[in-house]
2 protein chains.
Amino acid sequence: MSELTTARLSVYLRCLESLDASGVNTVSSQGLATQFQLNAAQIRKDLAHFGEFGIRGVGYYVKDLKRHLRQILGLDRSIKVVIIGAGNLGVALADYAGFRLDGFDVVALLDTAREKVGQYSRSGVPIRHARELERLVEREKIDIAVVTVPPDAAQETVDGVVAAGIRAILNFSPVSPRVPPHVKLKNMDLTITFESLSFFLANGHVDP
Amino acid sequence: MSELTTARLSVYLRCLESLDASGVNTVSSQGLATQFQLNAAQIRKDLAHFGEFGIRGVGYYVKDLKRHLRQILGLDRSIKVVIIGAGNLGVALADYAGFRLDGFDVVALLDTAREKVGQYSRSGVPIRHARELERLVEREKIDIAVVTVPPDAAQETVDGVVAAGIRAILNFSPVSPRVPPHVKLKNMDLTITFESLSFFLANGHVDP
DNA sequence: CTCTGTGAACCACTTCACAGCA
DNA sequence: TGCTGTGAAGTGGTTCACAGAG
């Protein structure tokens, strides 16, 4: 299943939540498409991969489809997250309000700096020593590790995360660590993102 | 020019910087490909869009190609960045060390909260009132706006940024604001990213 | 008659394979 | 000979267009 498809499922879920909040009961793929600037055929095709959720001549029941999407995305339970690297970015992510709402539970921040261990983030996430990772994973059934350590520590951190049995990693450091095939690694490389924008500024405006 | 191509140019630049730091003078597309797990033909094709930088039978001069890529990516000058929304994430980004190294200069954080305005981030980025945006853009020739405001303020913030004349926006809020066609908007949606990982955990391990 | 689910056509990006230059 | 630059082939993802269910 394509990355792009699953990202769109998230978008659809968000659209449906908005419609549901407005009291809308049913929506057609065409309705979704025009309201949220999507492609109707693509919506139908994306959804059809997972079952027949629509009713011909009617569309989709908003609440029904919402529930299906939540389940497909694995959001029908709390997802436990640990953040490794209690620097600016790590702590900011731990305190990011959006997560809690969407069922993501940041269990701990991990770091090796003596003066950070034992502290709490503003929103109350405890900072613990990185060596506790294995124990934490075992006891708390961690689902996702977020890596916000300096680039030269990224690969060893990721290795530790994999060894601890975590199968999904979100990496913010500007390197692409190696992971075994059963582990899903997603890189959020801010430098690449900024350089893309810079490229557009340098070249984008010239084209006819 | 494809998004994917420009992202790869950033990757190539990083690889070349690493080679240069190791004292390597020339490298072939094959050399780059095997060392950094890329595709040799793709490297050649990506580069060939912008000129003939290689020498047949030899490869590419590392320092030369580095300079060319910097120029193509628009990194041969300082890029001025303003961050709108001095919350956890905005301040963390302002203090992110990686930027300064790569020629990105965070000129200011903007916010509307009276108690934040006048303060400084840990690394010394001043927090100013959001209404100063237009003046700041005019005086400082801002290139990129980073939007880290709450979702319901995202569209109006982006509208203001566009009105101020900024043509490249990096948006972290979980909505996709509308922008006119001459403006480049890049969304970094953490919720979608986490939900993709959740999807993988829920479905990835089953496939044969 | 409306709207879904889906094969077929289309398009974009990637990889292959080779002509030709150093 | 070794490697680039590039047309041709291949791959995967998107859009079209319609048969058929409700």
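Just so we're on the same page: letters track the sequence lines, and every chain starts at 1. Note that this is a predicted model, so its numbers are computed, not measured.
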List the atom of Val125(A), the atom of Leu109(A), and the distance in Å for their closest heavy-atom pair.
CG1-N, 3.7 Å

Smallest heavy-atom separation, Pro177(B) atom then Asn187(B) atom, equals CD-OD1, 3.9 Å

Span of DNA chain D engaged by chain B, first through last nucleotide within the 4.0 Å heavy-atom cut-off, is dG2(D) to dA8(D)

With a 3.5 Å cut-off and no angle check, do the side chains of Asp46(A) and Gln42(A) form a donor-acceptor pair?
no

Contact check, residues 184-198 of chain A vs DNA chain C, heavy-atom distance under 4.0 Å, returns none

What residues 17-37 of chain B contributes to the DNA chain C interface at heavy-atom separation below 4.0 Å is none

Rounded to the nearest 0.5 Å, what's the gap from CG on Leu69(A) to CG on Asp64(A)? Could you check?
10.5 Å

With rounding to the nearest 0.5 Å, note down the distance linking CD1 in Ile192(A) to CZ in Arg8(B).
11.0 Å

Where do N or O atoms of nucleotides 8-13 of chain C meet protein N or O atoms at under 3.5 Å, pair by pair?
from	atom 1	to	atom 2	distance (Å)
dA8(C)	N6	Lys45(A)	NZ	3.2

Sugar-phosphate, base or nothing in reach of Ala41(A), heavy atoms under 4.0 Å:
base

Is the closest side-chain heavy-atom distance between Val106(A) and Tyr96(A) below 4.5 Å?
no

Checking Thr148(A) side chain against Gly85(A) main chain: does a donor-acceptor pair fall under 3.5 Å?
yes

Between Tyr60(B) and dA22(C), does any side-chain N or O lie under 4.0 Å from OP1 or OP2?
no

salt_bridge(Arg70(A), Glu17(A)) N-O dist < 4.0 Å
yes

Does CD in Glu140(A) sit with more than 12 non-hydrogen atoms of other residues, nucleotides or ligands closer than 6.0 Å?
yes

What's the CG-P distance between Asn39(A) and dG5(C), to the nearest Å?
15 Å

Rounding to a whole Å, what distance do you find between Ile43(A):CD1 and dC3(C):P?
14 Å

State which residues pass salt bridge (charged side-chain N to carboxylate O under 4.0 Å, His left out) with Glu3(A); sequence neighbours excluded, sorted by chain then number.
Lys184(A), Lys186(A)

Set of side chain to side chain contact (heavy atoms under 4.5 Å, CB included) partners for Ala113(B), sequence neighbours left out
Asp111(B), Glu115(B), Lys116(B)

